[in-house]
Structure formats: structure tokens, C-alpha cells
Amino acid sequence: MGVMEEGNPSTPLPQAYALLPSRYSSEDILFCIDVGAESFLEMKNTGPNGRPVTRLDSILKSIGLFVNAKLSINGDHRFGFVVIGKSVSWVQKVFSSKVDSAIAAIRSLPADSSSDQVDLTELFHIASQEAKRSREQGRTLRVILLYCRSSMPPKYQLPANRKLYTLDVVYLHDKPGPENCPQKVYDALVDAIEHISEHDGYIFETSQGLQRILVKNMCLLLSSPPQRCIQDDLDVPKNLAKKPPVVSPVQGDDSVMIVAPPNSDS
């Protein structure tokens, strides 16, 4: 507590910092899943008995893990599903904590062989409408876009009402090549997040084709957008190779500090 200077009684005391209480809002999470031809490309890992695993298989498995984890944190979270082929289509329009039927329906969809440029305008329009409904119920809306196209950036028109919901993106793509431009796609997705997302949106990308990378990225999306740090400050999981050395004090005639290397067995 500050002390007023003698002879200057008008000097105000500094105000103590107080964290104002805020209500924790349950989330309505709208998964938007790419079902274009590139979503059916095989991952590097295989399933039981060596069965090939596609990007879509991995996405749906990761969503199942995400949903179970979110509901264990708060059973009031709800989920909806749309897919993107040539256009945006609803799979589960009524938000619910039950997702098994929606995941099964998406898994049975045939690959959309269309190579047309994806237009996300309808997705953003749907999300804006759903965000208004969620707010009326004291909830928040988040869109998680799982995108798999490497050859053509998506296009979109910005909605009239922006910053109504949070937009997160997980981008699975091929490595750059003569027919691929994943950097341009990534930049277009980042631009959409910056213009649309109410809170700081996250975007994760990978071309490694590994299920564990996708699962890790989905785990990093578990936190509620109003409560999480900006992505640039995200330092999870820790890189053990960069772990600082362990410092152990040894008592003797003189104080000595022994620095043990990270891989030391001592």
C-alpha cells in the first residue's frame, strides 16, 4: 500500500489491482471438415493390420478425442458439423454433446473430386448466424476448420458482422511443388482469422502426415479462446532438447554449483 507524502495530502493512494469476476461460458463448437479429394490421401501411419489411414480418418479420430476431452472438462459444451466439398453442407445442424452419428455420416461420404476453388463465404455466414443464437443463450461460438487443400487458396467475402466468434484452423497439406502452393493457402487462412475471429485464433499446419501431430494440434485447441494466450506465446509442449541444465548445489567448505548436463545419469 502506498503512503501519502507529508505535506501533500491531495496525493491519491494507488488503486489495488482487482481481477473482476467473469462468467465461464459454455462453447458451441462448429467443426468444418474438408471432404475434398486431398482429404482422402493416405497418412504415413497405418491402422490395424496395416490398413491405410486417410487424412479424413485421422481428422475424425482426432475430433473424437477432442470432444471426449472437452466434455470431461465441461459436459455443457455442444458440437455441430458441416463439411466442405463443392459447397458447405450441414451434417449436424442441432448443436449437441452427442457426435457419434455425425462422425459416422462424415466417414461414409465419398470423396469430392472437384478441384474448384473453395469459397468459405457461406461458412462464415452460417457461423455468424449461429454465433448470434449462441450469444442469446449465454454461450460462445467457435469454428474449427480442418482444411486439406494444397493447390489453391480459398476465397471468401467478409461478412457484414465480424468478430462474433473465434476461428481456429488445422491445415494438413502436401509439401510445396510445381502444382502446390501451401504457403499461399496458409496466408489466406491467416488473413481470414485476422479479419473474422473475435478472440485470437490459432492456426496449425503440418505436411508430415503423422496422426500424432494432428492429435497434438487438436489438444492445443482444448483451451477456451477467451482464456488462452496468443499463439505466439504458446510454448506447449516443451522441447526437451532445449531443456535448461539442472543446477545442483553441493555443500562443502565452499559453496559450489555443479551444472549437470540434460542427459546426465547422475
Side-chain angles (χ1 to χ4, degrees), residues 21-35 39 55-84 88 90-107 123-124 126-148 163-172 189 193 196-206 210-231 233-237:
S22 60
R23 182 178 180 274
Y24 177 81
S25 298
S26 297
E27 284 192 88
D28 288 337
I29 297 177
L30 179 61
F31 290 106
C32 180
I33 302 169
D34 188 356
V35 293
S39 302
R55 287 175 176 172
L56 184 59
D57 291 331
S58 295
I59 286 172
L60 295 178
K61 182 177 181 180
S62 299
I63 287 176
L65 294 171
F66 177 93
V67 168
N68 287 333
K70 285 293 285 187
L71 292 177
S72 68
I73 298 169
N74 179 1
D76 195 41
H77 292 312
R78 304 185 306 195
F79 309 91
F81 290 83
V82 297
V83 294
I84 293 183
V88 177
W90 278 104
V91 176
Q92 179 169 299
K93 189 171 184 178
V94 178
F95 284 79
S96 170
S97 61
K98 300 184 184 301
V99 302
D100 291 346
S101 60
I103 290 177
I106 296 170
R107 183 174 283 114
L123 170 64
F124 298 154
I126 289 173
S128 295
Q129 296 301 314
E130 294 300 325
K132 294 175 184 177
R133 296 189 182 96
S134 296
R135 289 190 177 200
E136 290 172 356
Q137 302 172 39
R139 307 173 67 87
T140 60
L141 181 79
R142 176 163 39 141
V143 175
I144 299 181
L145 171 61
L146 297 115
Y147 197 74
C148 300
K163 308 293 184 179
L164 296 177
Y165 57 90
T166 299
L167 174 62
D168 291 330
V169 179
V170 178
Y171 180 33
L172 286 70
L189 295 170
I193 291 173
I196 291 173
S197 191
E198 176 185 12
H199 301 284
D200 289 305
Y202 284 6
I203 179 168
F204 299 111
E205 59 81 28
T206 178
L210 296 173
Q211 172 77 42
R212 61 179 176 82
I213 301 295
L214 179 56
V215 170
K216 182 195 79 170
N217 292 339
M218 291 299 290
C219 288
L220 293 174
L221 294 180
L222 285 171
S223 55
S224 178
Q227 297 176 317
R228 67 191 185 188
C229 65
I230 62 173
Q231 188 171 351
D233 293 340
L234 192 64
D235 191 21
V236 177

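- A donor-acceptor pair under 3.5 Å is formed between the side chain of Asn68 and the backbone N or O of Gly64.
- Looking at Lys93, its side chain never comes within 3.5 Å of a backbone N or O of Gly80 through a donor-acceptor pair.
- In this structure, the side chains of Asp28 and Arg135 stay at 4.5 Å or more apart for every pair of heavy atoms.
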Requested in this report: Any chance you could lay out the side chain to side chain contact (heavy atoms under 4.5 Å, CB included) test for Val67 and Phe31, step after step, and finish with the verdict?
Outcome: CA-CA 11 Å; Val67 168; Phe31 290 106; 4.1 Å; yes

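- Atom CG of Asn217 and atom CZ of Phe66 lie 12.0 Å apart (nearest 0.5 Å).
- Closest approach of Gln92 and Ala102 over heavy atoms only: OE1-CB, 3.4 Å.
- Scanning all heavy atoms of the two residues, the minimum distance from Phe79 to Ser97 falls at CD1-CA, 4.2 Å.
- Under the 4.0 Å criterion applied to side-chain N and carboxylate O atoms, Asp168 and Arg142 are assigned as salt-bridge partners.
- To the nearest 0.5 angstrom, Ser25 atom OG is 10.0 Å from Asn74 atom CG.
- Annotation: side chain of Leu172 is in contact with side chain of Thr206 (closest heavy-atom distance under 4.5 Å).
- Salt bridge absent: Lys163 and Glu198 never bring a charged side-chain N and a carboxylate O closer than 4.0 Å.
- When side chains are defined from C-beta on, Arg78 does not count as touching Ser26, because their heavy atoms never get closer than 4.5 Å.
- The one candidate from Ile63, Val143, Ile144 that meets the side chain to side chain contact (heavy atoms under 4.5 Å, CB included) condition with Ile29 is Ile144.
- For the pair Leu141/Leu164, no side-chain contact is recorded, criterion being any heavy-atom separation below 4.5 Å from C-beta on.
- We find that Arg55 and Asp34 are not joined by a salt bridge, their nearest charged nitrogen and carboxylate oxygen being 4.0 Å or further apart.
- If you run side chain to side chain contact (heavy atoms under 4.5 Å, CB included) between Val170 and each of Leu220, Leu145, Leu221, only Leu221 comes through.
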Query - Check against side chain to side chain contact (heavy atoms under 4.5 Å, CB included), Leu146 and Cys32 - result: CA-CA 6 Å; Leu146 297 115; Cys32 180; over 6 Å; no

**Report entry** Full working for side chain to side chain contact (heavy atoms under 4.5 Å, CB included) between Tyr165 and Glu130
**Finding:** CA-CA 9 Å; Tyr165 57 90; Glu130 294 300 325; over 6 Å; no

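- Taking the charged nitrogens against the carboxylate oxygens, Arg133 and Glu136 have no contact shorter than 4.0 Å, which rules out a salt bridge.
- Using a 4.5 Å heavy-atom threshold, the side chains of Val88 and Ile126 count as touching.
- For the atom pair Leu234 CG and Asp200 CG, the distance stands at 11.5 Å (nearest 0.5 Å).
- Rounding to the nearest 0.5 angstrom, the gap separating the NZ atom in Lys132 from the OG atom in Ser134 is 12.0 Å.
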**Report entry** Residue pair Phe95, Leu30: steps toward the side chain to side chain contact (heavy atoms under 4.5 Å, CB included) verdict
**Finding:** CA-CA 8 Å; Phe95 284 79; Leu30 179 61; 4.1 Å; yes

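- Atom CD1 in Ile103 sits 12.5 Å away from atom NZ in Lys61 (nearest 0.5 Å).
- No side-chain heavy atom of Phe204 sits under 4.5 Å from any side-chain heavy atom of Lys216.
- Here the OG-CD1 distance, from Ser128 to Ile196, works out to 7.5 Å after rounding to the nearest 0.5 Å.
- Exactly one residue among Val82, Leu60, Ile59 makes a side chain to side chain contact (heavy atoms under 4.5 Å, CB included) with Ile106. That residue is Leu60.
- At least one donor-acceptor pair closer than 3.5 Å links the side chain of His77 to the backbone N or O of Glu27.
- Annotation: cation-pi geometry satisfied between Arg228 and Tyr202 (NZ/CZ under 6.0 angstrom from ring centroid, within 45° of ring axis).
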